[in-house]
*Asks:* 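Pasting a structure here, questions to come.
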Amino acid sequence: MSSIQHSVRRRAVLGLMLAAVPCAAAADVAGQPAVRAMARPAHPGLRGAPTMACWGSSTAEGTSPELAQLASAYGMTYFNGGAGGQSAEQILARIGARPARVAAGVIPASGAALLSSRSMSAEDAASFSAAGDLAGIPGKLSKAHGAQPGYRFHRRQPGKSVRIPDGTPFLPTEGSGFRAGISHLSIGKNNLTGKYHATSDPDTIVEWTDAADKWLSAAGGHVLVWGHFVNTGTQASAPVRRRIYRVNDALSSRYGPRYVDLDRLLTHRGIWEMAGVRPTPSDLREQAGGNKPPSLSSNRAHLNAVGYEVLRRVIEAKLTNLGWLPPAR
């Protein structure tokens, strides 16, 4: 059975799972019976407060206002690790699961150093900013929007000039205190378009996602892994569709109840009752073609406020079923 046929069959199975009542539908998308919550020690740097973080590109960034509200309702501190337009290489460098490695150069006594990195290109449009340490020197690694000749490292305080060898890792510190809480992981959608100076190999994206899952889980936290939707208007034969389906199938098999299937959610007709929206003929055509529908979209590549709200409700139901949420405030 082809990857596309397999994904279509799985969407048909979801039709039996989605209930008529919105809340019940959201719980069914979560897909697993409730399990008893396990108590976990809070991260000491956050004064006993449980935490939630979301790492990814534009979908993670766009969902973050909804997730911040969700976290607040359960007394959790929230960190937005979403950054629109970024590649998996850049997201992983910010997480710390795959640190950026910079080329040989000199960090001056003060000011900024312009450094190149073979592990994440500076040629794509997305901006980048992360606090961390380079050769033991605290500072910030950043890139302005648009293609740039490299990344700038601004040391936090003046000191001695330091020459660094090729491949020196930048070790991020921003958001690291959230590893012991609930983490949402959405990596590689931009890579799979094949339009970036970055890998577009689905198997690499799956393995990097797994490495990030292990990196976050090692601190004692829980990780929810998100799949990817196919953009509105994508042609049936587009290579990006095959890549997304391959990644989604692999993530679904690997993570089971810890997987959020955005593709199945957005292409199933049961979502309209959850959203409280009457679908248009264009919506139904796009769904039938396996694409994100316009009425849940701000443009062909992004969800709108209604789409993000539905995604938040599905995530809350899944987290509840997994027993990861603390008592609501």
*Asks:* Can you check whether Thr173's main-chain N or O pairs, donor with acceptor, with Ser176's side chain at less than 3.5 Å?
*Replies:* yes
*Asks:* Looking only at non-hydrogen atoms, find the nearest pair between Ala212 and Ile187 and report the distance.
*Replies:* CB-CD1, 4.0 Å
*Asks:* Looking only at heavy atoms, which two atoms of Leu251 and Gly227 are closest? And how far apart?
*Replies:* CD1-CA, 4.5 Å
*Asks:* Let me confirm one number: the OG-CG distance from Ser87 to Leu92, rounded to the nearest 0.5 Å.
*Replies:* 8.5 Å
*Asks:* With sequence neighbours left out, what residues match Thr280 under side-chain hydrogen bond (donor to acceptor under 3.5 Å, both in side chains)?
*Replies:* Asp283
*Asks:* Using the salt bridge (charged side-chain N to carboxylate O under 4.0 Å, His left out) criterion, which residues pair with Glu316? Sequence neighbours excluded.
*Replies:* Arg312
*Asks:* Do you know which of Leu325, Val223, Leu70 makes side-chain contact (heavy atoms from CB on, under 4.5 Å) with Ile182?
*Replies:* Leu325
*Asks:* Whether the side chain of Thr193 engages the backbone of Asn190 through a donor-acceptor N/O pair (distance < 3.5 Å, no angle test) should be reported.
*Replies:* yes
*Asks:* Tell me, with the steps shown, if Thr59 and Leu262 meet side chain to side chain contact (heavy atoms under 4.5 Å, CB included).
*Replies:* CA-CA 10 Å; Thr59 299; Leu262 271 68; 4.0 Å; yes
*Asks:* Kindly compute the distance separating CZ (Phe229) from CG (Leu296), expressed to the nearest 0.5 Å.
*Replies:* 10.5 Å
*Asks:* To the nearest 0.5 angstrom, please state how far the CG atom of Leu265 sits from the CD1 atom of Ile271.
*Replies:* 4.0 Å
*Asks:* I'd like to know if the side chain of Lys318 and the backbone of Pro257 have a donor-acceptor N/O pair within less than 3.5 Å.
*Replies:* yes
*Asks:* Please identify each residue that fulfils salt bridge (charged side-chain N to carboxylate O under 4.0 Å, His left out) with Glu207, with sequence neighbours left out.
*Replies:* Arg254
*Asks:* Is there a side chain to side chain contact (heavy atoms under 4.5 Å, CB included) between Gln90 and Ser57? Walk through the geometry before answering.
*Replies:* CA-CA 9 Å; Gln90 293 171 315; Ser57 53; over 6 Å; no
*Asks:* With a 3.5 Å cut-off and no angle check, do the side chains of Asn80 and Ser64 form a donor-acceptor pair?
*Replies:* yes
*Asks:* Taking all heavy atoms of Asn191 and all of Ala198, pick out the closest pair and write down the distance.
*Replies:* ND2-CB, 3.5 Å
*Asks:* Rounded to the nearest 0.5 Å, what separation is found between the CD atom of Gln86 and the CD1 atom of Ile91?
*Replies:* 6.0 Å
*Asks:* Do Met76 and Thr51 come close enough that some side-chain heavy atom pair is under 4.5 Å?
*Replies:* no
*Asks:* Any pair with a residue in residues 83-110 that passes salt bridge (charged side-chain N to carboxylate O under 4.0 Å, His left out), sequence neighbours left out, goes on the list, sorted by first then second residue, please.
*Replies:* none
*Asks:* Is there any salt bridge (charged side-chain N to carboxylate O under 4.0 Å, His left out) pair reaching into residues 214-227, and which pairs are they, with sequence neighbours excluded?
*Replies:* Asp210-Lys214
*Asks:* Leu284: what forms a side chain to side chain contact (heavy atoms under 4.5 Å, CB included) with it, not counting sequence neighbours?
*Replies:* Arg269, Trp272, Pro279, Gln287
*Asks:* Could you tell me whether the side chain of Pro50 reaches within less than 4.5 Å of the side chain of Thr77, counting heavy atoms only?
*Replies:* no
*Asks:* List the steps, then state whether side chain to side chain contact (heavy atoms under 4.5 Å, CB included) holds for Leu266 with Leu303.
*Replies:* CA-CA 10 Å; Leu266 292 170; Leu303 295 170; 3.9 Å; yes
*Asks:* Could you tell me whether Asp203 and Arg246 make a salt bridge, using a distance below 4.0 angstrom between a side-chain N and a carboxylate O?
*Replies:* yes
*Asks:* Looking only at atom types and distance, does a side-chain atom of Glu61 sit under 3.5 Å from a main-chain N or O of Gly84, one as donor and one as acceptor?
*Replies:* yes
*Asks:* Any side-chain hydrogen bond (donor to acceptor under 3.5 Å, both in side chains) involving residues 117-138? Give me the pairs, sequence neighbours left out, ordered by first then second residue.
*Replies:* Ser117-Ser119, Arg118-Asp166, Glu123-His197, Asp124-His197
*Asks:* Is there a side-chain contact between Glu309 and Glu66, using heavy atoms and a 4.5 Å cut-off?
*Replies:* yes
*Asks:* Through direct or indirect side-chain contacts below 4.5 angstrom among Ile, Leu, Val, Met, Phe, Trp and Tyr, which residues connect to Ile164?
*Replies:* Val102, Ile107, Leu115, Met120, Phe128, Leu134, Ile137, Leu141, Tyr151, Phe153, Val162, Phe170
*Asks:* Quick one: does Lys189's side chain get under 4.5 Å of Ile244's, heavy atoms only?
*Replies:* yes
*Asks:* If we ignore angles and hydrogens, is there a donor and acceptor under 3.5 Å between the side chains of Arg264 and Asn248?
*Replies:* no
*Asks:* Looking at Asn231 and Thr234, would you say the former's side chain and the latter's main chain have a donor-acceptor pair under 3.5 Å?
*Replies:* no
*Asks:* Distance-only, no hydrogens or angles: does the Arg243 side chain make a donor-acceptor pair with backbone N or O of Leu192 under 3.5 Å?
*Replies:* yes
*Asks:* If I take atom CG from residue Leu216 and atom OG from residue Ser183, how far apart are they, to the nearest 0.5 angstrom?
*Replies:* 4.5 Å
*Asks:* Of all the heavy-atom pairs spanning Arg179 and Ala218, show the shortest one and how long it is.
*Replies:* NH2-CB, 4.0 Å
*Asks:* Is there a side-chain contact between Asn291 and Arg241 in this structure, where contact means two heavy atoms from C-beta onward sitting under 4.5 Å apart?
*Replies:* yes
*Asks:* Counting only N and O atoms by type, is there a donor-acceptor contact under 3.5 Å from the side chain of His154 to the main-chain atoms of Ser142?
*Replies:* no
*Asks:* If I take atom OG1 from residue Thr63 and atom CD1 from residue Ile315, how far apart are they, to the nearest 0.5 angstrom?
*Replies:* 6.0 Å
*Asks:* Compare every heavy atom of Gly194 with every heavy atom of Ser200, then report the nearest pair and how far apart it is.
*Replies:* CB-CA, 4.0 Å
*Asks:* State yes or no: do Ile205 and Tyr196 share one hydrophobic cluster built from I, L, V, M, F, W and Y residues joined by side-chain heavy-atom distances below 4.5 Å, directly or via other members?
*Replies:* no
*Asks:* Quick one: list whatever passes salt bridge (charged side-chain N to carboxylate O under 4.0 Å, His left out) with Asp213, sequence neighbours left out.
*Replies:* Arg258
*Asks:* Name all pairs fulfilling the salt bridge (charged side-chain N to carboxylate O under 4.0 Å, His left out) condition that reach into residues 227-236, sequence neighbours left out, sorted by first residue then second.
*Replies:* none
*Asks:* Got Arg156 and Lys140 here, is their nearest side-chain heavy-atom distance under 4.5 Å?
*Replies:* no
*Asks:* For Pro169 and Pro99, work out which heavy atoms get closest and say how close.
*Replies:* CB-CB, 4.2 Å
*Asks:* Using the test ring pair (Phe, Tyr, Trp, His ring centres under 6.0 Å), find all partners of His184 that sit at least two apart in sequence or belong to another chain.
*Replies:* Trp226
*Asks:* Is there a donor-acceptor pair closer than 3.5 Å between any side-chain N or O of Ser161 and the backbone N or O of Ala109?
*Replies:* no
*Asks:* Can you tell if the side chain of Ile95 reaches within under 4.5 Å of the side chain of Leu185, non-hydrogen atoms only?
*Replies:* yes
*Asks:* Checking Lys292 side chain against Arg300 main chain: does a donor-acceptor pair fall under 3.5 Å?
*Replies:* yes
*Asks:* Can you pull the ring-ring contact (aromatic ring centres under 6.0 Å, His included) pairs that have at least one residue in residues 51-110, sequence neighbours excluded?
*Replies:* Trp55-Phe79, Phe79-Phe178
